[in-house]
Amino acid sequence: EAGVTQSPRYAVLQEGQAVSFWCDPISGHDTLYWYQQPRDQGPQLLVYFRDEAVIDNSQLPSDRFSAVRPKGTNSTLKIQSAKQGDTATYLCASSLTGQEFFGPGTRLTVL
Amino acid sequence: GEKVEQHESTLSVREGDSAVINCTYTDTASSYFPWYKQEAGKSLHFVIDIRSNVDRKQSQRLTVLLDKKAKRFSLHITATQPEDSAIYFCAASLSNTNKVVFGTGTRLQVLP
């Protein structure tokens, strides 16, 4: 069974540029998470979905970040105008019964 | 909201010794406590979990203990091996939600 896949694996931007991250969860997993993991810190939840519905996006900076999961499968996380403070690894995870399976992450550097 | 604190930021043990990583949580309604391992340059990988209906769970060399009264849980690794070297994250979530809150991580180094 394929795991969680993410793309791109790396991204380097100038401040003010936009970027999108894509996640393909494990087939059949109804819950999908996006986390931000700054260097040397634990993952911090940005948003999570059950099927296509947003369940919690309270930690998502709504002025610049957006996330969608239109068909309850793949998901896209977008940063409209990146800031240096957004430099981190962005992790996608999926689950069905509680245990989360993580993708390899996208390492974002904002110069 | 829930907060999870990991008390040891780094831990060094000799190969073959035991290692213990401790975490505390704040929300008494938390009922699911997973542990994840992150090796250098890699993503998180599930290692073991415990639910609040038990106070101990073992899987091979790993044991998780849960003290609900103290809101404390711990990961015990016996007979440590070099491949156990990694960052370990504890986490907690409430029973009525899939939202998991992670600790800040403990870097375990197993020395030869």
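In what follows, every chain begins at residue 1, and chains take the letters A, B, ... in the order their sequences are listed.
- Residues of residues 81-102 of chain A placed with any heavy atom under 4.5 Å of a heavy atom in chain B are listed by number as L91(A), T97(A), G98(A), Q99(A), E100(A), F102(A).
- Under the 4.5 Å side-chain contact rule for hydrophobic residues, F102(B) and F46(B) share a cluster.
- Both I77(B) and V13(B) are members of a single hydrophobic cluster when ILVMFWY side chains are connected at heavy-atom separations under 4.5 Å.
- Interface remark: of the candidates L44(B), V4(B), T104(B), L44(B) forms the most heavy-atom pairs closer than 4.5 Å to chain A.
- Summarising the local packing, CZ of R107(B) is surrounded by 12 or fewer heavy atoms from other residues, nucleotides or ligands at distances under 6.0 Å.
- Neither the backbone nor the side chain of K42(B) comes within contact range of chain A; no heavy atoms are under 4.5 Å apart.
- Around CD of Q60(B), the count of heavy atoms belonging to other residues, nucleotides or ligands within 6.0 Å does not exceed 12.
- Under the 4.5 Å side-chain contact rule for hydrophobic residues, Y35(A) and I55(A) share a cluster.
- Among all heavy-atom pairs drawn from F89(B) and G42(A), the shortest one is CE2-CA, 3.3 Å.
- With a 4.5 Å cut-off on non-hydrogen atoms, V100(B) touches chain A through its backbone and its side chain both.
- Of the atoms belonging to Q38(B), it is side-chain heavy atoms, and not backbone ones, that fall under 4.5 Å from chain A.
- In the hydrophobic cluster analysis, where Ile, Leu, Val, Met, Phe, Trp and Tyr join through side-chain heavy atoms closer than 4.5 angstrom, L94(B) is grouped apart from F73(B).
- Proximity to chain B (any heavy atom under 4.5 Å) is restricted, for P104(A), to the backbone atoms N, CA, C and O.
- A continuous path of Ile, Leu, Val, Met, Phe, Trp and Tyr side chains, each step under 4.5 Å between heavy atoms, connects L60(A) with V54(A), placing both in one hydrophobic cluster.
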